[in-house]
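Input: a single structure, listed below in structure tokens.
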Number of protein chains: 2
Amino acid sequence: MEFTEAKRQFIQTWGKLGTEWGINRTMAQVHAILLISSAPLSTEDIMEELSISRGNANMNIRDLLNWTLIYKELVPGDRKEYFVAEKDIWEVARRIIRERKKREVEPVLRILHQLKEIDGDTSSKEIQAFTSMMGQLDSFVGKMDKSVSLLINENENKLFSLLFKLLK
Amino acid sequence: MEFTEAKRQFIQTWGKLGTEWGINRTMAQVHAILLISSAPLSTEDIMEELSISRGNANMNIRDLLNWTLIYKELVPGDRKEYFVAEKDIWEVARRIIRERKKREVEPVLRILHQLKEIDGDTSSKEIQAFTSMMGQLDSFVGKMDKSVSLLINENENKLFSLLFKLLK
DNA sequence: TTAAACTTTCAATAATTACTGAAAATAAAA
DNA sequence: TTTTATTTTCAGTAATTATTGAAAGTTTAA
């Protein structure tokens, strides 16, 4: 396969994966471009590569900065801002997981916790079923949350040597 | 908190979590209703609970059946179909992970694998950066994929007693 | 068989989400 | 200063995704 085609296919694949997991396609594509770029890129470089508007490029670059998946890089003697991606994939995964946990999972956990305690006739089948499910979910999500935290705070080698020894 | 309010809030929360992770809000809400229901529900029950159309209810129930997150249940002497959710949360998680892995992760893995081998000048910085990133991603996604497979094929107690012993 | 009960499909439409482009804001250089 | 380069914002619009509702299809019972 030729480089240009491979690049196109990677950008497309990364974008598709993004949308499937609730991440804006363009944001994922900008990330893809920066992941494989050997040099810092400017907003204009990105606009051109993806054929998108300045506004769109700017917004998605901003989001990627907030997720700390990319960094600003200033080139001496140049007024433009350039961007580079965090290239260590473990670090990338760690940051994505940390962010999504904080934004999406923790609020759910807080709510589940509240929903376990409801008023009403405890002999009612409906209320029993509800309370039992809230208990299960709270416990499950809590455990997952904790495990994922532990996992992402370990480094690659430690994690996998242990995990494989354990579960193989 | 009162039961009706708690129920409303759970359905809403589950739907929101769904959309954030790329799952149709209504599908997640139908799932929520069935998760907390003590009795099998018909399409009409679901339509009424969520104020949605028959077509919408039917489509989302069908999808949930395909994910095997819910089952058909036939009530003797009744022509309608009723539905119940898989209530074991570990089993639910296992099925969701298995399905998403199959549908979304494995295709990406196949593509990354191909993209590692591209033609062209191997001394080019661009091509080196690309190839190196494809290698990292392929290895990372592959490892994650394998770990998750191992994890979801273990049962709750085994997994957690081991995991906590290991990583604490 | 025919009719009634129920389920599925899908074209039209609505709702949501993302994008554009130009104007406003900001920052650096002259 | 003033000018020029660059970034940000956001109202209007486009694209995507989800929903409706009625017609067609299917199944069961009379």
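Letters go in sequence order (proteins before strands), and every chain restarts at 1.
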| remark: Residues passing the salt bridge (Lys or Arg N to Asp or Glu O under 4.0 Å) test with B:Glu126, sequence neighbours excluded, are none
| What residues form a side chain to side chain contact (heavy atoms under 4.5 Å, CB included) with A:Lys16, not counting sequence neighbours? | A:Glu20
| message | One character per nucleotide, please: for nucleotides 21-30 of chain D, 5' to 3', B when the base has a protein heavy atom closer than 4.0 Å, S when only the sugar-phosphate does, - otherwise. | response | B-----BB--
| request: Would you kindly compare B:Ile52 and A:Met59 by the position of their nearest DNA chain D nucleotide and give the one closer to the 5′ end? | output: A:Met59
Distance-only check: which donor-acceptor pairs under 3.5 Å involve side-chain atoms of residues 81-88 of chain A, not counting sequence neighbours?
from	atom 1	to	atom 2	distance (Å)
A:Glu81	OE2	A:Lys72	NZ	3.0
A:Tyr82	OH	A:Asp78	OD2	2.8
A:Glu86	OE1	A:Tyr71	OH	2.5
A:Glu86	OE2	A:Asp88	N	3.0
A:Lys87	NZ	A:Ser37	O	2.8
A:Asp88	OD1	A:Trp90	N	2.9
A:Asp88	OD1	A:Glu91	N	3.3

| Euclidean distance, atom CD1 of residue A:Ile61 to atom P of D:dT9 [Å, nearest integer] | 13 Å
| task | To the nearest Å, give me how far apart CE (A:Met47) and C1' (D:dT8) are. | result | 13 Å
| field | Terminal axis angle for the helix from C:dT1-D:dA30 to C:dA30-D:dT1, five pairs an end, nearest 10 degrees | value | 10°
| message | I'd like to know if B:Glu73 pairs up with B:Lys80 as an ion pair, taking the criterion as any Lys NZ or Arg NE/NH1/NH2 lying under 4.0 Å from an Asp or Glu carboxylate oxygen. | response | no
| Nearest-Å distance for atom pair CG/P, residues A:Asp45 and D:dT6 | 12 Å
| task | Mind checking salt bridge (Lys or Arg N to Asp or Glu O under 4.0 Å) for B:Arg98 and listing every partner two or more places apart, or none if nothing turns up? | result | none
| Parallel, tilted or perpendicular: rings of A:Trp14 and A:His31 (30°, 60°) | tilted
| request: Pull out every residue in residues 63-76 of chain A that has a heavy atom closer than 4.0 Å to any atom of DNA chain C, ordered by number, or say none. | output: none
| task | Name all residues meeting the side-chain hydrogen bond (donor to acceptor under 3.5 Å, both in side chains) criterion together with A:Gln128; count only those two or more places apart in sequence or in a different chain, and write none if there are none. | result | none
| Spacing between A:Lys80 atom NZ and D:dT4 atom C1', to the nearest angstrom | 13 Å
| message | In whole Å, I'd like the distance from the CD atom of A:Glu81 to the C1' atom of C:dA28. | response | 12 Å
| remark: Rounded to whole Å, OH of B:Tyr82 lies from C1' of C:dA5 at a distance of 12 Å
| Do you know the tightest heavy-atom contact between B:Ile70 and B:Ile61? | CD1-O, 3.7 Å
| query | How many Å lie between CZ on A:Arg62 and P on D:dT6, as a whole number? | reply | 17 Å
| remark: Per the under-4.0 Å heavy-atom filter, residues of residues 24-44 of chain A near DNA chain C come out as A:Asn24, A:Thr26
| B:Arg103 and B:Glu99 ion-paired at < 4.0 Å | yes
| task | Report yes if a side-chain nitrogen or oxygen of A:Asn58 is closer than 4.0 Å to either non-bridging phosphate oxygen (OP1 or OP2) of D:dT7; otherwise report no. | result | no
| task | Quick one: pull up CD in B:Glu44 and CD1 in B:Ile46 and give me the separation to the nearest 0.5 Å. | result | 10.5 Å
| request: Can you tell me the distance, in whole Å, between the NZ atom of B:Lys16 and the C1' atom of C:dT16? | output: 16 Å
| query | Listed by chain and number, what are the side chain to side chain contact (heavy atoms under 4.5 Å, CB included) partners of B:Asn56, not counting sequence neighbours? | reply | B:Thr26, B:Ile52, B:Ser53, B:Asn60
| query | Taking only residues two or more places apart in sequence, or in another chain, which ones meet A:Thr122 in a side-chain hydrogen bond (donor to acceptor under 3.5 Å, both in side chains)? | reply | none
| request: Could you tell me which residues satisfy salt bridge (Lys or Arg N to Asp or Glu O under 4.0 Å) with B:Arg79, sequence neighbours excluded, listed by chain and number? | output: none
| request: Flag the pair A:Glu104 and A:Arg100 as a salt bridge only when some basic side-chain nitrogen lies within less than 4.0 angstrom of an acidic carboxylate oxygen. | output: yes
